[in-house]
Amino acid sequence: MQATPAQVVDVEVEREVEVRVTYDDGVTATFPVLELRRACPCAGCRGKREHDRPAYEGSSVSILDAELHGNWGISLRWSDGHDTGIYAWQHLRSWWDARGD
Ligand SMILES: [Zn+2]
């Protein structure tokens, strides 16, 4: 646990493949697009997962558009038309750390 959360220094979006986020402590976290879509943090998708339903049932997805929200996070517009989730940098980092590498 760090006293100061790591700041984001670089973001790369490969629309069909993955999103890579580099933090200022040297960690680069990589998130495949399908996993990101399924983990969408918006209320609607959270509700589905809480009822043991997948937030996204397709087997492939891609990113149409990405919007950075400064120090806070990134919002993604998906090929299925969904765009309400904002992925917070620190949430992504926690997710990455929990997975281990
Ligand atoms: Zn969602």
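We count ligands from 1, going down the list as the structure has it; atoms in each ligand are counted the same way.
- One hydrophobic cluster, built from ILVMFWY side chains closer than 4.5 Å, cannot hold both I86 and V13; they sit in different ones.
- For V33, the side chain to side chain contact (heavy atoms under 4.5 Å, CB included) test picks out V61, I63, W78, with sequence neighbours left out.
- Side-chain contact between H82 and C40 is present, with at least one heavy-atom pair separated by less than 4.5 Å.
- By the salt bridge (charged side-chain N to carboxylate O under 4.0 Å, His left out) test, E67 is found to be paired with no residue, residues two or more places apart in sequence or in another chain being considered.
- Checking side-chain atoms of E16 against main-chain N and O of E14 turns up no donor-acceptor pair under 3.5 Å.
- Residues forming a side chain to side chain contact (heavy atoms under 4.5 Å, CB included) with V27 (at least two apart in sequence, or on another chain): D25, R93, W96.
- Note on the Zn ion (ligand 1): protein N, O or S atoms under 2.8 Å away count 4, no waters included.
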